[in-house]
Amino acid sequence: MIVSSTILAAFKTSKFGSKPSNCADSFAISPDRHKIAIADGVSKSYMPKFVAEALTEFYVSEKLPGGPLFCDRNASELLSYIVAEWDCKSRNFEASVDEDTAYDLEYQRELYGMGASTFAGIRIDGEEFSFDVLGDSCIFLIPKDHSLSPMILSSMPCEVTLENELPFKCVFGIHPHFIDTKGRIVGEPLEESVKAFDCTILLATDAFSDWFCRNFTKEDANHIIDTLKEIDSPEKFDSFIDSLRDSDLKNDDVAVVLVDVQLTADESESSTNDGKCEPEPTTPEGNDIESKLSQADEFKAIIEDSDNLGEIAQTEEDVDMSNSHVEIEALEESAQVVLINN
């Protein structure tokens with residue numbers, strides 16, 4: 001089988017009332033390496049946006065040789081990279097501000113002592129989806145065959161409730177799992193691989209993931225996905241998010257990436273079969289995917305003491321407020337470049 005993917009939407013925006021430069025969410029996409037990543041800088045830390053950016057950059061680049069992101073071999077490289085990037089960028093920012101602001105930042109650095117971020121990434125490896133998730137940034141797999149159950153990938157407590165009209169049951173609003181610049185991976189990452197199938201993949205940071213879980217219904221499975229597909233500009237994405245905030249979307253930074261996955265038969269395989277048998281199913285049936293994904297419920301949070309972390313007042317850079325909250329434009333379907341939204 002040949003697995004092809006198309007980026008349908010990729011946007012981020014800052015919380016209402018905050019400048020675009022303060023958005024601590026990040027995403028990065030490498031069509032050539034078939035990698036997509038999002039990250040949500042933890043607000044109860046110092047300069048978390050730089051950690052989120054470093055995480056997504058590392059994941060889609062050649063710096064990650066292969067295998068699970070948080071395995072011993074890759075974790076040490078990852079931690080070294082994000083610590084160096086966070087320290088360099090935060091020091092450079094501190095050097096760029098006036099004396100009073102620099103004094104405030106020095107106090108915040110001493111108070112929080114670290115930057116931190118959640119993470120969710122997916123790799124399309126041959127005929128498999130491989131994913132790495134830490135925290136309440138989530139990956140949703142929505143089968144195109146709506147008789148099949150949707151799936152959610154998160155290292156936080158979550159499940160798919162088949163008998164309920166709202167299929168996703170998740171826990172948000174607690175201390176998330178995260179990776180930080182003290183060299184810690186707090187919580188148990190979810191790292192799995194499943195056989196690829198025809199689906200739409202949604203990666204989203206916590207505010208939109210929470211809203212999606214509470215509003216996605218089996219009876220109207222296409223509604224939210226189709227709405228996102230039609231968003232073709234940063235301005236339209238801002239308007240869409242603002243409309244959701246008027247109802248029940250938490251006022252927080254938002255990052256969303258939407259991907260279409262299509263499986264087609266390899267011509268060489270078809271000629272070998274010579275019409276004597278049917279191709280294997282391209283749906284998740286028979287692969288026990290739901291059983292694998294239910295492992296997320298079994299993970300026990302290994303939360304280290306973070307009660308002393310208070311809400312950080314992010315320093316706002318001088319920016320032109322006429323600019324969109326989103327720093328990139330929608331991707332063309334034929335895009336063949338690495339997109340990193342710094």
Side-chain angles (χ1 to χ4, degrees), residues 1 3-9 34 36 38 120-172 177 188-229 248-249 256-264 278-299:
M1 301 300 294
V3 182
S4 59
S5 60
T6 303
I7 305 299
L8 302 176
H34 309 289
I36 307 156
I38 61 170
I122 188 165
R123 309 182 305 278
I124 302 176
D125 298 325
E127 296 183 17
E128 284 190 332
F129 297 145
S130 299
F131 42 84
D132 304 90
V133 187
L134 181 66
D136 53 9
S137 291
C138 299
I139 303 174
F140 300 89
L141 305 180
I142 313 299
K144 293 178 182 177
D145 180 352
H146 294 154
S147 66
L148 301 172
S149 177
M151 304 165 198
I152 180 171
L153 314 175
S154 173
S155 72
M156 303 299 288
C158 63
E159 63 180 342
V160 176
T161 308
L162 299 178
E163 69 278 4
N164 199 313
E165 179 185 356
L166 297 173
F168 299 119
K169 182 179 179 182
C170 304
V171 177
F172 292 91
H177 303 168
E188 186 71 26
L190 176 65
E191 299 178 307
E192 277 287 352
S193 295
V194 298
K195 187 173 181 179
F197 58 96
D198 289 337
C199 65
T200 302
I201 301 174
L202 172 68
L203 295 87
T205 48
D206 64 327
F208 195 87
S209 292
D210 180 25
W211 179 88
F212 189 81
C213 288
R214 291 183 285 104
N215 288 274
F216 179 89
T217 64
K218 298 175 185 176
E219 289 73 16
D220 195 13
N222 281 334
H223 175 66
I224 298 174
I225 299 300
D226 287 344
T227 300
L228 286 170
K229 286 180 181 179
D248 60 345
L249 175 69
V256 169
V257 179
L258 189 68
V259 186
D260 177 79
V261 175
Q262 182 74 43
L263 271 65
T264 56
E278 295 295 324
E280 293 185 5
T282 59
T283 69
E285 284 186 299
N287 293 310
D288 199 23
I289 295 175
E290 291 177 12
S291 174
K292 288 185 178 183
L293 298 178
S294 67
Q295 294 178 22
D297 281 333
E298 301 174 6
F299 286 135

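Since the model is a prediction, treat every value here as computed from it, not as a measurement. Quick note: residue numbers are just sequence positions, from 1.
Counting all heavy atoms, side chain and backbone alike, Asp136 lies closest to Ser154 at CA-OG, 4.2 Å. Shortest non-hydrogen contact noted between Phe168 and Pro150 is CZ-CB, 3.6 Å. Taking each heavy atom of Val3 and Gly126 in turn, the nearest pair found is CG2-O, 3.4 Å. Listed here is the closest heavy atom pair of Gly121 and Leu203: CA-CD2, 4.4 Å. The two atoms that bring Ser155 and Glu188 nearest to each other are CB-O, 3.3 Å, heavy atoms only. Across all their heavy atoms, Ser130 and Ser193 have their closest contact at OG-OG, 2.8 Å.
The CG atom of Asp206 sits 11.0 Å away from the SG atom of Cys213 when rounded to the nearest 0.5 Å. Note that the NZ atom of Lys195 and the CG atom of Leu263 stand 8.5 Å from one another [nearest 0.5 Å]. Summarising the geometry, atom CG belonging to Leu190 is positioned 12.5 Å from atom CE belonging to Met156; distances are rounded to the nearest 0.5 Å. The structure places CZ of Arg214 at 11.0 Å from OG of Ser209, a figure rounded to the nearest 0.5 Å. To the nearest 0.5 Å, atom CD1 of residue Ile139 and atom CZ of residue Phe131 are 7.0 Å apart. Rounding to the nearest 0.5 Å gives a distance of 12.5 Å between OG1 of Thr200 and CD1 of Ile224.
Looking at Val194 and Glu128, their side chains never come closer than 4.5 Å, going by heavy atoms from C-beta outward. Looking at Phe212 and Cys138, their side chains never come closer than 4.5 Å, going by heavy atoms from C-beta outward. Side-chain contact between Ile38 and Phe208 is absent, with no heavy atoms from C-beta onward closer than 4.5 Å. Val259 places none of its side-chain heavy atoms less than 4.5 Å from the side chain of Ile122. At least one side-chain heavy atom of Leu8 sits under 4.5 Å from a side-chain heavy atom of Thr6. Under the 4.5 Å side-chain criterion, counting only non-hydrogen atoms from C-beta, Asp248 is in contact with Asn215. Looking only at side-chain heavy atoms (C-beta outward), Val261 and Leu141 stay at 4.5 Å or farther from each other.
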Go through the steps to decide whether Ile201 and Phe129 satisfy the test side-chain contact (heavy atoms from CB on, under 4.5 Å), and finish with yes or no. CA-CA 10 Å; Ile201 301 174; Phe129 297 145; 4.3 Å; yes
Show the numbers, then the answer: is there a side-chain contact (heavy atoms from CB on, under 4.5 Å) between His177 and Val133? CA-CA 9 Å; His177 303 168; Val133 187; over 6 Å; no
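Salt-bridge check for Asp260 with Lys229: failed, with every basic side-chain N at 4.0 Å or more from each acidic carboxylate O.
Residues Phe216 and Phe140 place their aromatic rings such that the two centres sit no closer than 6.0 Å.
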